[in-house]
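Data first, discussion second: the structure below is written as C-alpha cells.
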Amino acid sequence: MPNPTSRLLALLTLLQTRPSWTGAELVERLEVSPRTVRYDIRKLRDLGYPVEAIPGVAGGYRLSAGTSMPPLQLGDDEAVAIVIALRTATGSAELGEAAGTALVKLEQVLPRRLRGRVAAMRQYTEAARAPGGVDPDLLIFLAGACRDHRRVRFDYKEARREVEPHRVVQVGRRWYLVAFDPARDGWRQFRLDRMTVKRPEGARFVPREAPSAADVVHGIDAVFARHRAVVLVDAPAARITARLPSTVPVELVDDERCRVHATGESPAALALNLLMLDADFELEQSSPELDAALATLRRRLG
C-alpha cells in the first residue's frame, strides 16, 4: 500500500472494526513493516485519534475513548445529536442495520464526559418504531457481539440458546440474527422480535466460515415457506404476477386463469396471503391447518 494517506485510512478502519489488533496482525493486513505501523500509529495520534498501545508479549493497539472527539470537528452537542439520530434510525426498516453499525463505531470513541448525557437520553427518551423496526439497544448489542466474536445467550421459543453470532440481516420487515448454533452443529436464523437476550455477552469464539449471502436468504425464505398451498385463481397470470413478489411461482393456465404456488410462515399467514390475491380461487393442494385457518377467516368475516 504505497500511498501513505490510503495506508493511514486503512489502519484507522481496522482499528474501528475490532477492540484491538496485535502489531503482527496489522503488519500482515496492511502488508507493511513493523516500523511503518509504528510510524502510522504516531501519525494517527498526532491527528487526535486516541490510539493506545497494549502491553504484553504479543503487544498491540486499540482505539479507545479519548478526551475529545476524533477530528470530525464535532462539538459535544453535535456528537450527542448524532447519537440520538442514529439511535432513532436503528428503528427504521430501511436504515436500521447501517445506523446500528455506525452507532457502535461512534460510541466506541465517545468521550467519557458525554456518556452521561447519552445515558440520560437513553433512559428518558423513546421513539415509537414503525412495524418491523428493531429495538436499537438490541441491534447495537448484537452488532457488537458479531464484531467482537462473542457468544450470545437468549431464550427463543421457550428454549435456551447460546450461539456464535455472525451478522444481523433484514428481510422484508423482519430482522434476523444469523449465527452458528454449536448445540445443533449448524447455522441458524433467529427472529430478533422473538429473542429474549441475556446480557452481557458470553465467551469469545473463533469465527467459522460463514454461509454465503444466497444461503442465508434461502434459509430465511425456508422459514417463510413452512406452509404451502397450490390454488387455481380466476384471474389472468399477468394481473396476479403484478401483485406478488417475484419469488412466488405463477403458472399460466389460460387467458383468464393461472395457478399460484403460495407459501406462508404459518397457516394464518398463508390464508391471508391467499386473500391478498384479490381474486376468486380454488384450492388444489392444501392442508388441514390451512383449511382450519380459512374456516376461521370465513367465520370472522361472515
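Just so you know, these numbers come straight off a predicted model, no measurement behind them.
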| request: Enter the distance from Leu63:CG to Ser20:OG here, rounded to the nearest 0.5 Å. | output: 11.5 Å
| request: Decide yes or no for Tyr176 and Val168: does some side-chain heavy atom of the first lie under 4.5 Å from some side-chain heavy atom of the second? | output: no
| request: Name all pairs fulfilling the salt bridge (Lys or Arg N to Asp or Glu O under 4.0 Å) condition that reach into residues 268-283, sequence neighbours left out, sorted by first residue then second. | output: none
| task | Give every residue pair that meets the salt bridge (Lys or Arg N to Asp or Glu O under 4.0 Å) criterion with at least one member in residues 248-260, sequence neighbours excluded. | result | Glu251-Arg259, Asp254-Arg257, Arg259-Glu284
| query | Taking the side chain from Arg153 and the backbone from Pro200, do they hold a donor-acceptor pair closer than 3.5 Å? | reply | yes
| With the threshold set at 4.0 Å, does a side-chain nitrogen-carboxylate oxygen contact exist between Glu52 and Arg62? | yes
| task | State yes or no: do Val163 and Leu192 share one hydrophobic cluster built from I, L, V, M, F, W and Y residues joined by side-chain heavy-atom distances below 4.5 Å, directly or via other members? | result | yes
| Looking at CG of Leu8 and CG of Leu44, how far apart are the two atoms once the value is rounded to the nearest 0.5 Å? | 4.5 Å
| query | Thr36 side chain to Val32 main-chain N or O, any donor-acceptor pair under 3.5 Å? | reply | no
| Nearest heavy-atom pair of Ala279 and Asp234: which atoms, and what distance? | CB-O, 4.3 Å
| field | Short side-chain to backbone donor-acceptor contact, Arg150 and Gly202, under 3.5 Å | value | yes
| Between Leu244 and Asn273, is a side chain to side chain contact (heavy atoms under 4.5 Å, CB included) present by the stated rule, with each step listed? | CA-CA 9 Å; Leu244 297 175; Asn273 289 343; over 6 Å; no
| field | salt bridge (charged side-chain N to carboxylate O under 4.0 Å, His left out) assessment of Arg208 paired with Glu164 | value | CA-CA 9 Å; Arg208 304 170 188 264; Glu164 300 172 358; 2.8 Å; yes
| message | Test your reading of the model: is there a side-chain donor-acceptor pair from Tyr49 to the backbone of Ser64, 3.5 Å cut-off? | response | no
| query | Phe180 and Phe205: aromatic ring centres closer than 6.0 Å? | reply | no
| request: Mind jotting down which residue pairs meet the salt bridge (Lys or Arg N to Asp or Glu O under 4.0 Å) criterion with at least one end in residues 34-47? Sequence neighbours excluded, please. | output: Arg7-Asp40
| query | Can you name the side-chain contact (heavy atoms from CB on, under 4.5 Å) partners of Ser287, sequence neighbours left out? | reply | Glu289, Leu290
| remark: Output for pair (Glu209 CD, His166 NE2), nearest 0.5 Å, gives 10.5 Å
| field | Donor-acceptor contact below 3.5 Å, side chain Arg243 vs main chain Met276 | value | yes
| same_hphob_cluster(Leu14, Leu12) at 4.5 Å side-chain heavy-atom cutoff | yes
| What residues, two or more places apart in sequence or in another chain, satisfy salt bridge (charged side-chain N to carboxylate O under 4.0 Å, His left out) together with Arg160? | Asp155
| query | So, Tyr61 versus Trp21, ring centres under 6.0 angstrom or not? | reply | no
| query | Do you reckon Val27 sits in the same ILVMFWY cluster as Leu11, going by side-chain contacts under 4.5 Å, direct or chained? | reply | yes
| query | Do you reckon Val231 sits in the same ILVMFWY cluster as Leu252, going by side-chain contacts under 4.5 Å, direct or chained? | reply | no
| remark: Residues at least two apart in sequence or cross-chain that pass salt bridge (charged side-chain N to carboxylate O under 4.0 Å, His left out) with Glu25, listed by chain then number, are Arg18
| field | Under 3.5 Å donor-acceptor, Thr196 side chain and Phe154 backbone | value | no
| message | So, taking the atom named CZ in Arg191 and the one named NZ in Lys157, what distance separates them when rounded to the nearest 0.5 Å? | response | 8.0 Å
| query | Sub-3.5 Å donor-acceptor pair from the side chain of Arg204 to the main-chain atoms of Asp148, do we have one? | reply | yes
